[in-house]
Enquirer: 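Before we start, here is the structure in question, set down as structure tokens.
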Amino acid sequence: MPAIHNKIAHRKKILTVFLGCALVLTALFARLIYLMVWEADYYAEKATQLHERERSIKAARGRIMDCNGEILADNRTVCTISVIHNQIEDPEAVIEMLCRELNLSEEYVRKRVEKYSSMERIKSNVDKAVGDRIREYEIPGVKVDEDYKRYYPYGELASKVLGFTGGDNQGIIGLEVIYEEYLKGKPGMILTVTDAKGIEVEAAGERRVEPVSGNDLYISLDRNIQTYATQLAYQAMETKQAQSVSILVMNPQNGEIYAMVNVPEFDLNDPYALPEGTGDGLSQQEKQDMLNRIWRNGCINDTYEPGSTFKIITAAAGLEQGVITPQSQFSCPGFIMVEDRRIRCHKVGGHGGQDFIHCMMNSCNPALISVGLLLGVDTYYDYFDRFGLLTKTGVDLPGEAGTIMHNKENMGLVELATVSFGQSFQITPIQLVTTASSIINGGRRITPHFGVKVVDAQGNLVERFSYPVAENIVSEETSATMREILEMVVKEGSGKNGKVEGYRVGGKTATSQTLPRGSGKYISSFIGFAPADDPQVIAVAIVNTPQGVYYGGQVAAPIVRQLFENILPYMGIEQEGSAVQE
């Protein structure tokens with residue numbers, strides 16, 4: 001009996017093992033079927049990836065077009081030269097050819113050719129003609145891929161507005177970086193199949209994932225206006241031996257910027273080039289600091305004391321608050337005492353008795369200080385805030401600087417007096433033009449901008465941009481009065497050098513001293529708009545440290561006059577009396 005029991009137990013063990021093995025085999029078989037049927041695509045893709053090498057294809061970056069559809073930023077076809085170590089049959093031949101064709105050192109090329117890596121890039125942005133020559137050698141292991149390099153047809157034009165891209169075709173500064181998401185596109189790939197040794201399987205050919213081009217950006221800048229403004233800026237810089245000149249031209253009704261000039265400009269097709277002889281002996285950091293200064297856009301990145309152009313803001317606040325009228329009388333003995341401070345007028349002998357219109361025509365400091373004192377610190381500061389001067393304009397360019405202003409609690413009567421005629425604080429040119437626009441356009445605080453719309457490669461509208469507008473900055477009545485006063489400034493006052501024959505022009509001059517005081521360096525400026533009764537264009541010219549005569553009325557006003565003489569007819573703005581009378 002014990003033998004029978006042992007035999008039965010043994011058979012049970014065998015059956016258990018058999019069933020266990022059967023279950024395991026069944027599970028493995030089921031898993032195999034699952035992997036081969038339901039997961040087949042996944043593992044096929046994994047296998048392909050294991051034997052595929054990727055080479056990226058840059059997407060064509062979207063173009064930047066001016067308001068007339070002229071191309072300001074485009075693309076050129078270039079080549080990227082790479083080597084695949086495992087596919088190279090004659091390393092010395094590869095090194096010799098690449099050194100010769102790409103004008104590179106043997107040490108540089110050899111290091112990359114002999115490096116054990118799936119792919120090593122030798123040089124990017126190679127001229128297409130050179131890339132084609134290298135391709136014709138048909139040397140195993142050398143790859144030539146076509147991609148794109150940013151190209152700017154007009155070189156320096158609007159360099160600090162457009163900006164430029166880096167080696168990866170990504171925006172660095174200017175509009176190129178602000179609108180990166182619209183312009184950049186989607187890269188593609190070239191996929192080649194290799195064997196276990198990394199040798200390309202010729203029979204398998206190549207697979208391409210085509211890149212998707214970026215969208216085109218249309219901006220408000222007008223190439224013709226920008227070109228002429230640039231010529232005037234360089235001319236002023238040369239004749240006045242100035243350190244720099246900025247000109248900003250804008251539509252005061254909607255904030256579209258027609259031109260933004262900051263000379264000296266730089267070559268967008270060679271943005272890292274330093275002026276000849278300036279980079280010798282400098283460290284890498286010093287060179288980069290110099291480049292950063294070259295790339296700065298003075299209209300938005302830098303602040304300055306606006307001087308008498310800021311009297312536009314003080315006058316508008318006084319009229320809006322009702323502390324003055326155009327007929328209000330003021331007496332100017334050549335100075336005004338504020339607490340213990342004697343603040344001079346630019347006319348040493350004074351202007352004597354005058355109404356407020358003539359105070360503005362004469363750019364009288366004591367009169368405008370008196371307006372500020374009538375308003376008082378609290379009210380004046382409230383208007384400073386109401387006009388948007390304590391916030392940035394929101395212009396669609398990177399690095400906009402904010403206003404540098406006294407804290408309200410630290411603002412006494414002397415500070416109030418100096419601010420009233422444009423000193424002891426700093427703003428940007430774009431802030432000045434934007435605020436002046438809101439005062440002359442009926443009281444609407446517009447947002448200055450370049451971006452108008454984005455379209456795809458087929459010309460379909462992707463997005464049309466809109467911008468914030470704040471209403472009732474000043475009343476229409478105050479706005480109309482300011483337009484009349486500023487027209488008189490140009491017609492018979494200190495801004496008469498900004499007068500344009502046949503057009504009604506309004507404006508204001510300024511001559512401010514740079515810091516530190518007593519340095520003998522000045523900033524000459526003039527802000528003008530036309531037509532005075534219905535402004536369609538506003539412009540400011542700022543000349544930094546002119547030599548010799550430095551008064552804004554003599555240095556900057558003629559620049560805006562010459563600008564308007566050319567662009568007003570171009571813009572289709574008719575002269576006074578030229579319309580046909582019925």
Side-chain angles (χ1 to χ4, degrees), residues 232-248 263 298 304-315 332 334-336 343-352 354 357-369 418 420-424 426-427 429 432-433 436 485-500 505-529 538-565:
L232 289 174
Y234 271 116
Q235 179 181 305
M237 187 171 166
E238 182 179 351
T239 57
K240 297 305 297 182
Q241 297 181 319
Q243 181 178 320
S244 62
V245 178
S246 296
I247 299 176
L248 175 58
V263 298
Y304 77 114
E305 286 192 353
S308 294
T309 50
F310 196 77
K311 291 173 182 175
I312 296 172
I313 285 81
T314 301
C332 171
F335 65 92
I336 186 173
I343 303 175
R344 294 190 304 106
C345 185
H346 67 88
K347 186 176 181 181
V348 178
H351 295 104
Q354 55 188 343
I357 295 176
H358 282 83
C359 292
M360 288 293 287
M361 290 168 60
N362 295 324
S363 195
C364 179
N365 288 348
L368 272 296
I369 291 171
T418 54
S420 298
F421 66 98
Q423 288 191 5
S424 80
Q426 296 191 5
I427 61 173
L432 176 67
V433 171
I485 291 174
L486 293 172
E487 183 178 7
M488 291 300 297
V489 171
V490 173
K491 191 174 182 180
E492 300 177 15
S494 59
K496 58 182 177 293
N497 285 330
K499 190 186 305 182
V500 178
V505 177
K508 187 72 190 72
T509 60
T511 308
S512 55
Q513 197 171 31
T514 62
L515 297 175
R517 307 288 183 205
S519 63
K521 297 180 180 180
Y522 295 85
I523 298 175
S524 307
S525 61
F526 177 79
I527 186 167
F529 58 91
I538 186 170
V540 66
I542 302 171
V543 182
N544 190 5
T545 63
Q547 302 302 305
V549 176
Y550 52 80
Y551 295 111
Q554 295 173 268
V555 175
I559 298 174
V560 175
R561 184 196 72 233
Q562 293 176 74
L563 179 72
F564 281 176
E565 285 173 345

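Note that the numbering runs from 1 along the sequence shown for the chain.
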Enquirer: Specify the closest pair of heavy atoms between C345 and P366, including all atoms of both residues, with the distance to one decimal.
Expert: CB-CD, 3.5 Å
Enquirer: What are the two closest heavy atoms between V245 and A242, and how far apart are they?
Expert: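 In this case the closest contact between V245 and A242 is CG2-CB, 4.3 Å.
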Enquirer: For E238, does the CD atom sit with more than 12 other heavy atoms under 6.0 Å from it, leaving out its own atoms?
Expert: no
Enquirer: I would like to know whether K508 and S494 meet side chain to side chain contact (heavy atoms under 4.5 Å, CB included); could you show each step before the answer?
Expert: CA-CA 8 Å; K508 187 72 190 72; S494 59; 4.2 Å; yes
Enquirer: Enter the distance from L368:CG to N362:CG here, rounded to the nearest 0.5 Å.
Expert: 11.0 Å
Enquirer: Run the side-chain hydrogen bond (donor to acceptor under 3.5 Å, both in side chains) test against S424 and tell me which residues pass, sequence neighbours left out.
Expert: H406, T418
Enquirer: Please enumerate all residues that pass side-chain contact (heavy atoms from CB on, under 4.5 Å) together with Y234, with sequence neighbours excluded.
Expert: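 With neighbours one apart ignored, the set is E156, T230, V263, P264, E265.
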Enquirer: For S308, give me all partners under side-chain hydrogen bond (donor to acceptor under 3.5 Å, both in side chains), at least two apart in sequence or on another chain.
Expert: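 Expected list: K311, S363.
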Enquirer: Could you go through residues 485-492 and list every donor-acceptor pair under 3.5 Å that involves a side-chain atom there, pairing it with any protein atom two or more places apart or in another chain?
Expert:
| residue | atom | partner | partner atom | Å |
| --- | --- | --- | --- | --- |
| E487 | OE1 | R504 | NH2 | 3.0 |
| E487 | OE2 | R504 | NE | 2.9 |

Enquirer: What's the shortest heavy-atom distance between A436 and I527, and which atoms?
Expert: CB-CD1, 3.7 Å
Enquirer: For a side-chain contact (heavy atoms from CB on, under 4.5 Å) with C364, tell me which candidate from Q354, H346, H358, K347 qualifies.
Expert: Q354
Enquirer: Should V540 and T309 count as side-chain neighbours, where that means a heavy-atom distance under 4.5 Å?
Expert: no
Enquirer: Quick one: pull up CE in M237 and OG1 in T239 and give me the separation to the nearest 0.5 Å.
Expert: 11.0 Å
Enquirer: Q513 and Y522: which non-hydrogen atoms are nearest, and at how many Å?
Expert: NE2-OH, 3.6 Å
Enquirer: List the atom pairs, donor and acceptor, that lie under 3.5 Å between side-chain atoms in residues 542-564 and the rest of the protein, sequence neighbours left out.
Expert:
| residue | atom | partner | partner atom | Å |
| --- | --- | --- | --- | --- |
| T545 | OG1 | Q243 | N | 3.4 |
| Q547 | NE2 | T545 | O | 3.3 |
| R561 | NH1 | N497 | O | 3.2 |
| Q562 | NE2 | P558 | O | 3.3 |

Enquirer: Sequence neighbours left out, what passes side-chain hydrogen bond (donor to acceptor under 3.5 Å, both in side chains) with T314? Give chain and number order.
Expert: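 Result, side-chain hydrogen bond (donor to acceptor under 3.5 Å, both in side chains) vs T314: Y380.
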